[in-house]
Each structure stands twice: as C-alpha cells, then as structure tokens.
Amino acid sequence: MRYDKSVYRSLTLITQFGINMLVPIFLCTIAGIFLGKRFSAEWIVIPLFLVGALAGFRNIFIMAKKIYSQESPSRRRGSTSHRESSYGDAQMHNDKERDENHAEKD
C-alpha cells in the first residue's frame with residue numbers, strides 16, 4: 001500500500017512539533033538539575049523547567065506561524081506560493097509605473 005505525500009508531510013510536521021517542544025524542556029531541566037546539585041539549590045529546577053516550557057511553546061508558535069503563512073496565499077490565489085505571488089504583484093506594479101512614465105514622456 002502506497003501512501004500519499006501529504007501523510008509523510010504531516011508525520012514530519014508532528015515530529016518537528018514534538019522535537020521543538022521537548023528539546024528546550026529537557027535542556028533547561030538538565031541545566032536545573034546540574035545547577036541545583038552544584039549550588040545546593042534544588043528548587044532551581046522548577047523555574048528552569050517553566051522557562052524550557054515557555055521556550056518550547058514559543059518555538060511551536062513561530063513554526064506554526066511560518067507554516068500558516070506559507071499555506072494561506074495558496075488557498076486564496078490558487079497554486080502559486082507566497083513568494084511567487086509577491087514577486088508577480090511587484091512585477092505588475094513596476095510594469096504599470098514604467099508604462100505610465102513612458103506615456104508621460106510622449
């Protein structure tokens with residue numbers, strides 16, 4: 001049985017979300033454990049865990065924002081990407097200005 005590319009793309013996206021959330025939590029927790037043992041302040045683990053969770057949420061928010069912004073123009077304008085549509089709009093604007101400037105010279 002052969003899967004569609006969107007299945008693999010979705011699986012990759014879910015994996016990226018998990019990694020982007022868990023890595024900062026683990027790193028901050030490990031740093032908290034190390035610092036807690038080193039300076040006899042075991043309570044430092046809790047604030048660092050919260051900092052890691054906030055960093056993970058921030059990473060996911062930024063990633064979701066990028067993904068959503070890449071998909072939005074394709075939903076509204078057909079199959080062109082955001083970069084292509086922006087370039088096309090800018091090119092049309094430049095062509096229009098050039099035609100107006102050319103008409104003024106005549």
Side-chain angles (χ1 to χ4, degrees):
M1 184 160 121
R2 191 170 175 175
Y3 289 106
D4 190 19
K5 286 183 181 180
S6 64
V7 173
Y8 293 120
R9 207 173 282 160
S10 298
L11 184 60
T12 303
L13 185 64
I14 292 169
T15 304
Q16 285 177 339
F17 274 118
I19 290 171
N20 279 334
M21 184 67 195
L22 293 176
V23 168
I25 292 173
F26 284 140
L27 290 177
C28 286
T29 303
I30 289 170
I33 292 169
F34 173 75
L35 291 173
K37 287 180 180 179
R38 178 119 172 138
F39 297 111
S40 298
E42 285 79 20
W43 57 269
I44 197 77
V45 175
I46 295 169
L48 284 177
F49 175 84
L50 293 175
V51 167
L54 290 174
F57 282 125
R58 180 184 171 274
N59 288 344
I60 288 177
F61 177 75
I62 291 171
M63 187 174 149
K65 192 174 169 183
K66 284 181 185 178
I67 291 169
Y68 183 72
S69 68
Q70 287 175 355
E71 290 180 0
S72 293
S74 63
R75 290 181 190 159
R76 282 185 258 134
R77 296 181 186 211
S79 62
T80 60
S81 70
H82 180 66
R83 182 176 289 164
E84 291 171 351
S85 64
S86 296
Y87 175 75
D89 292 344
Q91 188 65 33
M92 286 185 347
H93 182 70
N94 290 340
D95 290 343
K96 188 176 180 181
E97 284 182 358
R98 186 182 64 222
D99 292 342
E100 288 173 357
N101 291 337
H102 185 62
E104 288 176 4
K105 289 180 182 178
D106 291 337

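Being a predicted model, the structure only gives us computed values, none of them experimental. Hydrogens, waters and symmetry mates are skipped; everything else that's a heavy atom, side chains included, is used. Residue numbers count from 1 along this sequence.
Following chains of ILVMFWY side-chain contacts shorter than 4.5 Å, one can reach L13 starting from I60, so the two form part of one hydrophobic cluster. A continuous path of hydrophobic side-chain contacts links M21 to F49 [ILVMFWY only; heavy atoms under 4.5 Å].
Sorted pairs that involve residues 9-37 and meet side-chain hydrogen bond (donor to acceptor under 3.5 Å, both in side chains), not counting sequence neighbours, are lacking altogether.
Through direct or relayed side-chain contacts under 4.5 Å between Ile, Leu, Val, Met, Phe, Trp and Tyr, L27 connects to I19, V23. Taking Ile, Leu, Val, Met, Phe, Trp and Tyr as hydrophobic and joining them when side-chain heavy atoms fall under 4.5 Å apart, one finds L22 in a cluster with F26. Applying the 4.5 Å side-chain rule to ILVMFWY residues, one finds F34, L35, F39, W43, I44 in the same cluster as L48.
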Kindly list each side-chain donor-acceptor pair under 3.5 angstrom involving residues 50-57, sequence neighbours excluded, with atom names and distances?
none

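Taking OH from Y68 and NZ from K65, the interatomic distance works out to 12.5 Å, rounded to the nearest 0.5 Å.
Heavy-atom contacts from other residues, nucleotides or ligands closer than 6.0 Å to CD1 of I67 number more than 12.
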